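Since the structure comes first, as structure tokens, the remarks are kept for the end.
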Amino acid sequence: MIRNLSAPGKLLPRSFYETRPELVAPRLLGKVLIHRAGAAMMAGRIVEAEAYLGPHNEPPDPAAHSHRGPTPRNLVLFGLPGHAYVYSIYGMYFCLNISCEKKGQAGCVLLRALEPIAGLEQMAANRGVADGAARSNGFAKRLTSGPSRLCQALGVLRTSHNGLDVTRANSPLQVRDDGFSVEEAVATARIGINETNAAVDWPLRFAVPGNPCVSGPKNLKGKRVPIP
DNA sequence: GTGATGATCTTCT
DNA sequence: GAAGATCATCACG
């Protein structure tokens with residue numbers, strides 16, 4: 001039982017997000033995503049993230065939701081950086097992004113996997129994990145290794161979380177720096193980008209090398225890069 | 001371990 | 001009307 005509800009470390013300021021997504025994504029590795037829901041607090045360390053570039057970028061990123069300009073769905077991305085963009089995918093799931101770059105430039109970072117830190121019982125309940133499974137080996141990994149899994153585990157919904165400012169101390173959704181430092185990242189192509197898409201090979205997916213909570217196959221074929 | 005398949009619905013064309 | 005930044009489950013090796 002987690003009695004101390006104080007969040008660890010310090011809140012990341014808006015300036016952290018006010019730059020290009022391909023810089024923000026690797027820098028977010030090792031930071032802590034926190035969701036407070038009533039008396040419950042759930043937290044996980046970000047171990048995988050993908051950058052999606054805004055339409056002003058050269059060349060533009062055809063895989064990004066924002067690449068055809070603002071629509072009612074993606075409006076959050078064109079606003080101030082440091083806001084949550086939550087959308088529903090395949091009818092049944094949600095994905096959580098954080099808007100980047102200054103107002104009017106719609107870059108963002110998709111959070112793809114966390115390493116659970118706090119509130120694991122609540123996460124398991126949110127995901128409907130049975131007691132037996134919750135005690136089995138590798139259960140923590142299956143809670144949050146995937147963009148929609150982590151939304152389910154933290155209880156992030158489009159209706160209540162889209163557009164939230166993650167840089168405010170009283171926000172239910174925050175990203176904090178607790179001093180944990182990641183030395184380097186693995187950069188690979190993004191997941192789920194069709195080969196008909198010109199951006200299929202862009203190395204904009206960043207993960208913590210060797211971390212068991214990273215989604216997908218274990219050996220990432222990508223190259224090691226320093227954190228920019 | 002990998003690979004195929006179905007569930008399900010919002011969004012934009 | 002089609003596609004989609006996905007996941008659980010099942011078959012098979």
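Note that the structure is a prediction, hence the values are computed from the model and not measured.
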For C:dT6, does either OP1 or OP2 sit under 4.0 Å from a side-chain N or O belonging to A:R112?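 Yes.
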Item to complete: Respond yes when some side-chain nitrogen or oxygen of A:R127 is under 4.0 Å from OP1 or OP2 of C:dC7, and no when none is.
Response: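 Looking at the OP1 and OP2 atoms of C:dC7, neither is under 4.0 Å from any side-chain N or O of A:R127.
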What is the distance, to the nearest angstrom, from the [atom1] atom on [X] to the [atom2] atom on [N]?
| X | N | atom1 | atom2 | result |
| --- | --- | --- | --- | --- |
| A:Y93 | C:dA8 | OH | P | 6 Å |
| A:N97 | C:dG4 | CG | P | 17 Å |
| A:I89 | B:dC12 | CD1 | P | 12 Å |
| A:M92 | B:dT5 | CE | P | 18 Å |
| A:L157 | B:dC9 | CG | P | 15 Å |
| A:N194 | C:dA3 | CG | P | 10 Å |
| A:L150 | C:dC7 | CG | P | 9 Å |

Hey, mind stepping through A:K31 and A:D178 against salt bridge (charged side-chain N to carboxylate O under 4.0 Å, His left out) and telling me if it holds? CA-CA 7 Å; A:K31 303 298 186 286; A:D178 68 349; over 6 Å; no
Could you tell me the separation between the [atom1] atom of [X] and the [atom2] atom of [Y], rounded to the nearest 0.5 Å?
| X | Y | atom1 | atom2 | result |
| --- | --- | --- | --- | --- |
| A:N57 | A:Y52 | CG | OH | 14.5 Å |
| A:E22 | A:E50 | CD | CD | 13.5 Å |
| A:R205 | A:R190 | CZ | CZ | 12.0 Å |

* Asked: In residues 51-87 of chain A, what residues come within less than 4.0 Å of DNA chain C, judged by heavy atoms?
  ->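 Result for residues 51-87 of chain A: A:Y52, A:A63, A:H65, A:Y87, sorted by number.
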Query raised in the report: Taking for each residue the nucleotide of DNA chain C bearing the nearest heavy atom, is the 5' side occupied by A:I193 or by A:R142?
Result: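 Its nearest nucleotide lies further toward 5', so the answer is A:I193.
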A:Y90 vs A:R158, nearer the 5' end of DNA chain B by closest nucleotide
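Nearest-nucleotide comparison on DNA chain B picks A:Y90.
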* Check whether any side-chain heavy atom of A:E115 lies under 4.5 Å from a side-chain heavy atom of A:V208, and answer yes or no. =>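 Side-chain contact under 4.5 Å: no.
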Note, DNA chain C 5' to 3' with Watson-Crick or G-U pairs under 3.5 Å encoded as ( ), [ ], | and . gives ||||.|||||||.
*asked:* I'd like to know if A:E48 pairs up with A:R112 as an ion pair, taking the criterion as any Lys NZ or Arg NE/NH1/NH2 lying under 4.0 Å from an Asp or Glu carboxylate oxygen.
replied: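 So A:E48 pairs with A:R112 through a salt bridge.
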Q) Under 6.0 Å between ring centres, would you say that holds for A:Y87 and A:H65? A)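 Yes - the distance between ring centres of A:Y87 and A:H65 falls below the 6.0 Å cut-off.
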Q. When clusters are formed by joining ILVMFWY residues with side-chain heavy atoms under 4.5 Å apart, either directly or through shared neighbours, do A:L154 and A:V166 land in the same one?
A.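 Yes, A:L154 and A:V166 fall within the same hydrophobic cluster.
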**Prompt:** Counting distance only, does the side-chain N/O of A:R27 pair as donor-acceptor with the main-chain N or O of A:P228 below 3.5 Å?
**Reply:**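 At least one qualifying donor-acceptor pair exists.
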Original post:
Which nucleotide in the list C:dA5, B:dT10, C:dC7 gets nearest to the side chain of A:S148?
Top reply: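 The nucleotide sitting nearest to the side chain is C:dC7.
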